[in-house]
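Quick caveat: nothing in here was measured; it's all calculated off a predicted structure. Keep in mind that the numbers below use all heavy atoms, side chains included, and drop hydrogens, waters and symmetry copies.
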Amino acid sequence: MSKHGHLDFIRQIVEDDIASGKHGGRVLTRFPPEPNGFLHIGHASAVCLNFGVAAEYGGRTTLRMDDTNPTTEDPDYVDAIARDIAWLGFEWEGGVRYASDYFGALYKLALQMIKDGLAYVDSLSETEIREYRGTVKEPSRPSPYRDRSIKENLDLFKKMRDGAFQDGEHVLRAKIDLAAPNMKMRDPLMYRIRHASHYRTGNTWPIYPFYDWAHGQSDGIEGITHSICTLEFQDNRELYDWFIEHTRPACAEIDAIPGAEGGGGSNLGSWNPRPRQYEFARRNLDYTVVSKRRLLELVREEHVAGWDDPRMPTIAGMRRRGIPAEAIRTFCGQIGVGKADNRISIETLDWAVREALNLRTPRVMGVLDPLRVVIENYPEGEVEWLKAPYFPQDVHDPPEGWPQTRKIPFSRTLYIECGDFSLQPPARFQRLTVGREVRLRHGYFVTCTDVIQDETGTVTEVRCTYDPDTREGSAPDGRKPSGTIHWVSADHSVSAQICLYDRLFSSPDPMAGVEDFSETLNPNSLEVLQGAQLEPSVVDDPPETTYQFERVGYFVRDQTTDSGAEVDTETNLVFTRTVALRDTWGKSSPGRHTSPKRDEKVEILPLVGVDSGFKEREKARASNPILKAAYDRFTADLKLTEDLADLLSNSEDSVTFYEDALATGVDSALLANWVIHEVRGVSDDNQTSALKPEALGALISLVEDHSISRAVAKTVLTQLVTSGGDPREIVEVEGLGRIADVEMIRNIVAQVVDEHPSEVKRFQEGQISLAGFFVGQVMKATSNRADPAMVKKIVEERLHAGT
RNA sequence: UGGCCCGUGGUGGAAUUGGCAACACGUCUGGCUCUGGACCAGAAGAUUCCAGGUUCGAAUCCUGGCGGGCCAACCA
């Protein structure tokens, strides 16, 4: 199933679920945007994850508008979101779904919760609820309304639904745990009263459900199997599960809801499938902000021209910028899925964009910053139409219907890029300078003979001669000029407005350490060039064509033109730069040759007495003479190290377990080591461990008398912890006895060495870390039964013998 | 004296569950080339947050510490 070399943790979970037959192998994910803003690059990775995972495992994905807050949501956003997802290349199951489709079901589910004594109507004010909630360190105080009768709650809630109360008079709360360390579990709110018109349900509901209540139940109703969201919802998972476990799906009358595939019986928590929530870390792109609030501010305060401004990290903005959907998908795949905080560098996006564009965009020539060139030996008034290919040889995938070539005019007066000429060229400059010959791309070789300067010394015109034998770029004598530059014919070129968009912020983390993002806003995020000159062929091309302007970058023709700048009145042509070409020239400067070293670590002073775990155990010993006595016995009689004695005497259970195992007659220190280092490693919950102290003692005596290897003992230990049993029997039945026969090991080593000639070579060339590799291979070949010390010795002998 | 989560080259991340610290972006060399692009070949860059411990062997197990993120909207 796995096409990739490795799986991210989400795919790993899905794959495991399928393997174990959960939900009958069914996979249904959902993408649940709130329609209160445009989708952005951060959403893109969630979209790619949800739709991608489902598609890869034969599943489906629903698109559900999480529209539970009537005051902020808008149908325009619904359309924009759906359009963006479709544009990204994904198809959702059935029609667009809405949480508001489930308001009726949610209401019935809530009614039943009240009947079950699991929810109550609270009549505290908003501020009172806040005050009663307590803090992370202090528990909540109970609302005086917390113990209303079921009858009263039912009555009040129905009146809330019927619109009998004003906004804020009452709320419905789940009755969970006021002292819960997880704040989300302190009687969370389920419904608020809001006499507001909802864009879909109009005025039919004066009460609206909150996210935690609506989201998980919507998942249950839709039959979602894997509910994937971002890290900040980790605390909400406990509540998500609680709601799923304390609702009776049959009450929702799910059959009546269009598209509902989930459901279940009338028992508490009988959802089938039972949805589970998983969280991944959102991706943070350098030099961008993505919070809805910030994005909205950028639009409202007119720092940008709209949600689809090419500088915006929105899907719509990137689309207008000329970034293809494929590039966004590639980018999302490239940055992966994880749980660690992260900061993606912008180069990764740029790379994905170039990767997508390189193999399919037609090449044309455009001069952004024109410098006049006169070819002195070219006849005045003459024009040649030269044949120029649209695609270099390595473009295998040109857009359908594009011709292979076009004609470009050549004449006596041309424009070249100002930066392609230099009076005092720096080292390694390969472009035009006085006395040097360069190739004009798809044109002739020209040699610079002279320049004309104005009174300030600025070059205003370059004088050249051309070699008539070099038409369309090659010389009969095979000579190669130092460089190739792009150009257009001055009389034939069309002028255009070019928008050079740069990053919106000048700081990689725009919100770090500032009050307001206007402090880090990049004032030069848009540069509008008016006098750019393009080859005339572009005029006849379809609108919104993406080109590569050779040697410059990728540009898309923009028809919308609300950049705020004056449109070129003559040709009405506007181009937006999607991304510049990768440019290795001029990039090298002192200090850029090596990667920056990691900052010197600040020396951390040794801390005294901050051993919180130790302190706790110390305290336990002070108040419990049994533990104190055990500790003393461990250190004095048994000569255990203080560390081991300390850890062993942390509870009476632990002490008893150790003493019981010791009674089998094994070495005290060896046993202590195993209890602390190995037993804890394999059993995360001692309560459920099937391991008996006698069994552990027996196991260790097998290690002690060299009947089995340590590695074998560890696998047996795992078995003992999960299913119990007698170690001697296990060893006997499964034939796990230790191999310490020198000849036998020597043979296995020889075999392993023969099977890995290249590793042997590398070892002998000095990569001695490979010794571990060989030991590992031998251990594997003997199912861990060999004596590792002996194996190591023989491996080293053998490997060194070969040198 | 709160709970939960997370620390692996500059960046994003692998490591098949204790056995060669992958891969990609970026950086640097060189080659090729009618784009200083693409492509090809190569290089540098890592005390796997730190300190102890267990082990023949630790990114992985144990103990302790440090650092970062999220949570106390009638937002989602």
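Aromatic pair A:Phe210/A:Tyr191: centroids not less than 6.0 angstrom apart.
Remark: the A:Asp235 side chain and the B:G3 base include a donor-acceptor N/O pair separated by less than 3.5 Å. Under 3.5 Å, the side chain of A:Lys780 and the base of B:G19 form no donor-acceptor pair of N or O atoms. Under 3.5 Å, the side chain of A:His6 and the base of B:G13 form no donor-acceptor pair of N or O atoms. With hydrogens and angles ignored, no donor-acceptor pair under 3.5 angstrom links the side chain of A:Glu347 to the base of B:U11. Between the side chain of A:Arg428 and the base of B:G36 there is no donor-acceptor pair of N/O atoms closer than 3.5 Å.
Looking at the side chain of A:Asp341, the nearest of the listed nucleotides B:G69, B:G53, B:U35 is B:G69.
Between A:Arg680 and the phosphate of B:U63, there is a side-chain N or O to OP1/OP2 separation shorter than 4.0 Å. Within the structure, every side-chain polar atom (N or O) of A:Arg343 is placed at least 4.0 Å from both OP1 and OP2 of B:C25. An OP1 or OP2 oxygen of B:A72 is reached within less than 4.0 angstrom by no side-chain nitrogen or oxygen of A:Ser140. When the side-chain nitrogen and oxygen atoms of A:Arg130 are compared with OP1 and OP2 of B:A73, one or more of them lie within a distance under 4.0 Å. Within the structure, a side-chain polar atom (N or O) of A:Arg617 is placed less than 4.0 Å from OP1 or OP2 of B:G64. Dashed line: the shortest gap from a side-chain N or O of A:Arg192 to OP1 or OP2 of B:C75 is under 4.0 Å. OP1 or OP2 of B:G36 has at least one side-chain nitrogen or oxygen of A:Arg551 nearer than 4.0 Å.
Of the two residues contacting RNA chain B, namely A:Lys292 and A:Thr470, the nearest-nucleotide position lying further toward the 5' end is that of A:Thr470. Between A:Ile193 and A:Thr348, the residue whose closest nucleotide on RNA chain B is further toward the 5' end is A:Thr348.
Heavy atoms of A:Pro392 sit under 4.0 angstrom from at least one base atom. In this structure, A:Ile335 reaches the sugar-phosphate backbone alone: every heavy-atom distance under 4.0 Å involves primed, P, OP1 or OP2 atoms, never a base.
In this structure B:U27 sits in the anti conformation; its chi angle is more than 90° from 0.
Atom CG of A:Leu124 and atom C1' of B:C74 are 12 Å apart (whole Å).
In this pair, A:Phe555 and A:Phe549 present their aromatic rings parallel. The plane angle is below 30°, not in the 30 to 60° band. The aromatic rings of A:Tyr240 and A:His215 lie tilted to each other, with the angle between the two planes from 30° to 60°.
Within 6.0 Å of atom NZ in A:Lys761, 12 or fewer heavy atoms from other residues, nucleotides or ligands are found, so the atom counts as exposed in its surroundings.
At least one cation-pi condition fails for A:Arg363 and A:Tyr390: the charged atom is not both under 6.0 angstrom from the six-membered ring centre and inside a 45 degree cone around its axis.
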